[in-house]
Amino acid sequence: MKKKNYTRRKFISVLSAGSAALALPLTAAAGQQRNWSAAKLAISGGAPVRTQPWPQWPAMIVDDAMLANITATTKSGAWSRINNPVNGTVASFEKKYAALTGAKYCVGTGSGTQALGVCVDALGIQPGDEVITSPYTDFGTISSILSARALPILADLDYKSYQIDAAAIEKKISPNTKAIMPVHIMGSACNMDAIMAVANKKNIPVIEDACQANFAKYKGQQLGTIGKLGCFSFQGSKQIAAGEGGAVIGNDDVLMDRVYTIQNHGTNKKGQNITIGQKMRMNEFEGSILLSQLEHAVERFEKRNENARYLSSKIKNIPGLTPQLQYEGSNSSGYYLYSFTYDKKHFNNADRALFLKALGAEGIPAGGYIKGMQHDLWTDHILQLDTYKKNYSKQQLQFFKDSLQLPNCDKVSDTVIVISGGAILLGSKADMDDIINALEKIYTNRNNLS
Ligand SMILES: *Cc1c(COP(=O)(O)O)cnc(C)c1O
């Protein structure tokens, strides 16, 4: 019997009725509950729920239109955006991306980290200043603050949403706070009403790190358009991918003009060299690969949301598994990752690592994502640098050290499970059923887990 090539449903048919079942109608319709009590976990040598491989992101989205676009750019010889500032691929992408997000302006950059860093510079943030952000993020978020030799002050999370908590932000505001940088982790919205209320009370600008959150909406507005500036990443693992790439969106004419100038090594649109900035321009190859994805990126966003809603509707009924809290008013998510909290008490006290091993054995790739950024070496490193010693008071540096105690973040890091949004959430309903079946199978057989 060549099990490898069977779909999950065929495979179940085979298990239930022998190989003749291949010719029969499928026995387990999508979404149908299975009784897993007689099944043996794959980790103990039983048959896995799924043996089919999953598609790989971003290789799965390479199509003829994308290749034609890249070829056209290659042949044109206009490889830098300055060769075709009005109709080039980068300029066209910026216009289309702004329109899709509902922002007035978009400026491409070489990465999401650069997008965030340009915003920090555009707001005039310098050594001595503090920026409040989430510890539960890509290091690029922290880097964008450190690059300006500003001080990241970390605020703890809401344990249920994994998002930076507005009340925790409020406690970290000091006279030196020059920006708040909430991170929409997993692509889902922070509690933006609460965060904007805290920020507006003190008149502190908000830079949204929406690097995982393309097209996601909160109360009718897209993430990245609620704060003063919003940033996106087009790194290869992201939902719109160019290997590397990023963008800033915003509505403020003056500020967005400054964003353009700073990412263009301090040269403004008139060609005058007027300020300080690294060269962070997106190139035309990146523009062409991004442009070819935009239309389908919206379709994919919708598909990820449909599949995630279906997964959550089932996973919430499995004791010990709780999908990431989506705040009221956040009716969609970028779903860079699909995530849920694992409570081992309901799984015979099996550690998350063992649960993940069991899930992997059933053919479902999942992982534990990241630990909080407060645990990495940069925290000690910056305290030894002259620039931090010179530009910050002892009190400020103590405030920074205190901000590294983040119990909710630690709890989240230890209990969250993620499934890649890129490839897996684009699957069929039967693919989602494989995930649900594997989780239900493990739950039913939890006493065999440890
Ligand atoms: C990917 C990411 C970044 C950094 O973007 P790069 O393009 O990799 O530089 C920043 N913040 C978050 C939340 C991200 O996911």
Side-chain angles (χ1 to χ4, degrees), residues 57-58 90 93 97 106-121 131-148 152 154-155 157 161-164 179-190 192 195 206-216 223-224 226-227 229-249 259 263 278-283 286-287 289-290 293 297 301 304 324 333-339 367 369-374 376 378 409 412-413 416 418-422 425:
W57 183 267
V90 175
F93 172 76
Y97 196 70
C106 170
V107 174
T109 60
S111 70
T113 305
Q114 289 180 353
L116 291 161
V118 168
C119 294
V120 169
D121 286 340
V131 177
I132 300 173
T133 193
S134 170
Y136 197 59
T137 186
D138 183 274
F139 190 54
T141 312
I142 309 291
S143 291
S144 74
I145 300 165
L146 296 176
S147 294
L154 305 178
L157 310 182
S161 66
Y162 328 145
Q163 309 288 0
I164 190 170
I180 298 169
M181 195 182 277
V183 178
H184 303 295
I185 203 70
M186 317 297 182
S188 300
C190 295
M192 285 310 286
I195 291 175
V206 169
I207 304 167
E208 289 180 77
D209 181 342
C211 283
Q212 303 185 352
N214 322 77
F215 309 136
L223 299 183
I226 300 169
L229 296 162
C231 296
F232 295 89
S233 165
F234 308 119
Q235 192 271 337
S237 71
K238 302 289 156 82
Q239 305 94 310
I240 301 175
E244 304 293 348
V248 181
I249 59 171
V259 163
Q263 68 80 43
Q278 298 284 327
K279 189 148 168 272
M280 300 179 256
R281 294 198 295 243
M282 180 181 277
N283 69 51
E286 291 164 333
I289 199 168
L290 290 173
Q293 282 170 65
F301 160 78
R304 284 195 305 276
Q324 179 191 24
S333 165
Y335 284 117
Y336 174 59
L337 297 163
Y338 179 83
S339 56
Y369 203 36
I370 47 175
K371 59 183 170 33
M373 291 299 121
Q374 72 275 23
D376 286 333
W378 66 274
C409 178
V412 167
S413 309
V416 158
V418 296
I419 292 173
S420 153
L425 277 190

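Just so you know, ligand 1 is whichever comes first in the structure, and atom 1 is the first atom listed for that ligand. Remember, predicted model here, so these are calculated numbers, not experimental data.
- Of the protein's heavy atoms, D209 OD2, 2.7 Å lies nearest to atom 11 (N) of ligand 1.
- Closest approach of A155 to I132, counting heavy atoms only: CB-CG2, 4.0 Å.
- In terms of polar-atom proximity, G112 is counted as a contact of ligand 1, with an N or O under 3.5 Å from an N or O of the ligand.
- Minimum interatomic distance between Q293 and Q239 (heavy atoms only, all atoms of both residues): OE1-O, 4.4 Å.
- Aromatic ring pairs are classed by plane angle as parallel below 30°, tilted from 30° to 60° and perpendicular above 60°; the pair Y97 and F232 is perpendicular.
- Of the heavy atoms in S111, both backbone and side-chain atoms come closer than 4.0 Å to ligand 1.
- Heavy atoms only, all atoms of each residue included: L157 and C409 are closest at CD1-CA, 3.7 Å.
- Between Y336 and ligand 1, not a single N/O pair is under 3.5 Å apart.
- Below 4.0 Å from some heavy atom of T141 lie the following atoms of ligand 1, by number and element: 10 (C), 11 (N).
- Looking at Q212 next to ligand 1, an N or O pair under 3.5 Å apart turns up.
- Looking at S237, S233, A115 and measuring to atom 5 (O) of ligand 1, the nearest heavy atom belongs to S233.
- Scored by the side-chain hydrogen bond (donor to acceptor under 3.5 Å, both in side chains) test, T137 finds T141 as partners (sequence neighbours excluded).
- Here the closest heavy-atom approach between residue G187 and residue L223 is recorded as O-CD1, 4.1 Å.
- Residues I289 and A241 come closest through the heavy atom pair CG2-O, 4.2 Å.
- Close approach of ligand 1 to Q235 (heavy-atom distance below 4.0 Å) involves ligand atoms 7 (O), 8 (O).
- Here the shortest heavy-atom pairing between A189 and Q163 reads O-NE2, 3.7 Å.
- Remark: among candidates C211, G117, A213, S144, the nearest residue to atom 12 (C) of ligand 1 is C211, based on non-hydrogen atoms.
- Of the polar atoms of K238, at least one N or O is found under 3.5 Å from an N or O of ligand 1, judged by distance alone.
- By the 4.0 Å heavy-atom criterion, E244 is excluded from the residues contacting ligand 1.
- Taking the ring centroids of Y369 and Y162, they lie at or beyond the 6.0 Å cut-off.
- Close approach of ligand 1 to V183 (heavy-atom distance below 4.0 Å) involves ligand atoms 13 (C).
- Considering only residues two or more places apart in sequence or on other chains, S188 meets the side-chain hydrogen bond (donor to acceptor under 3.5 Å, both in side chains) condition with Q324, Q326, S333.
- Using a 4.0 angstrom heavy-atom cutoff, G245 counts as in contact with ligand 1.
- At a 3.5 angstrom cut-off on N or O pairs, Q114 does not count as close to ligand 1.
- Scanning the protein for heavy atoms near atom 9 (O) of ligand 1, the closest one is T113 OG1, 2.5 Å.
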